[in-house]
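Just below is one structure, and these are the notes that go with it.
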Amino acid sequence: VKTPDTRPSLAFVGAPERAVLFLDGVRTGRASQYDGQPNVLLVEPGTHLVTIKGADGAVLLEQKVFVESELKTLKVH
């Protein structure tokens, strides 16, 4: 019997290939790998600080997000 994972998830659109994703201050990999098609980042419900930094270390996105049970997609400019 398989139980589906019902945790909320995050996806990122428009992240440069080498941009790095941090969730609550912890490096989680390249932001572009969580494009939502089909790869998403599973997270625990609640409020999280999402930071995406470019290859040069510049902050491209920093946002607090609240996730409860759905997929939330963030656009990186």
Side-chain angles (χ1 to χ4, degrees):
V1 174
K2 265 191 162 179
T3 304
D5 194 333
T6 58
R7 287 182 290 173
S9 56
L10 296 172
F12 305 93
V13 175
E17 183 62 33
R18 294 177 50 210
V20 178
L21 170 64
F22 295 84
L23 183 69
D24 298 326
V26 177
R27 183 183 175 132
T28 59
R30 288 188 344 265
S32 61
Q33 76 186 46
Y34 302 111
D35 60 3
Q37 302 172 17
N39 301 318
V40 295
L41 178 64
L42 295 175
V43 297
E44 294 301 318
T47 302
H48 298 280
L49 177 62
V50 174
T51 306
I52 297 178
K53 294 183 180 180
D56 62 355
V59 175
L60 304 175
L61 173 77
E62 188 163 71
Q63 181 176 343
K64 279 191 176 183
V65 295
F66 177 78
V67 288
E68 194 167 10
S69 62
E70 73 284 348
L71 170 65
K72 185 168 289 227
T73 301
L74 301 176
K75 292 184 181 182
V76 182
H77 300 293

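Any value given below was found using the heavy atoms of this structure, including those in side chains, with hydrogens, waters and symmetry copies removed.
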- Note on the structure: Residues passing the side chain to side chain contact (heavy atoms under 4.5 Å, CB included) test with Asp24, sequence neighbours excluded, are His48, Leu49
- Min side-chain heavy-atom separation Val20-Ile52 under 4.5 Å: no
- Residues Ser9 and Leu42: closest non-hydrogen pair is CB-CD2, 3.9 Å
- Query: Out of Leu41, Val67, Val65, which one pairs with Pro8 under the side chain to side chain contact (heavy atoms under 4.5 Å, CB included) rule?
  - Reply: Val67
- Message: Please evaluate residues Leu23 and Val50 with respect to the criterion side chain to side chain contact (heavy atoms under 4.5 Å, CB included), reporting the C-alpha separation (whole Å), side-chain torsions for both, the decisive distance (0.1 Å), and the verdict.
- Response: CA-CA 5 Å; Leu23 183 69; Val50 174; 3.9 Å; yes
- Query: Judged by atom type as modelled, is there a donor-acceptor pair below 3.5 Å linking the side chain of Lys72 to the main-chain atoms of Phe66?
  - Reply: yes
- Rounding to 0.5 Å, atoms CG (Leu21) and CG (Leu10) come to a distance of 8.0 Å
- What pairs with Arg7 under salt bridge (charged side-chain N to carboxylate O under 4.0 Å, His left out), at least two apart in sequence or on another chain? Asp5, Glu44
- Message: To the nearest 0.5 Å, what is the distance between CD on Glu17 and CD on Gln33?
- Response: 9.5 Å
- Atom of Ser32, atom of Pro16 and distance for their closest heavy-atom approach: CB-O, 4.0 Å
- Query: Can you hop from Val43 to Phe22 via hydrophobic side chains spaced under 4.5 Å?
  - Reply: no
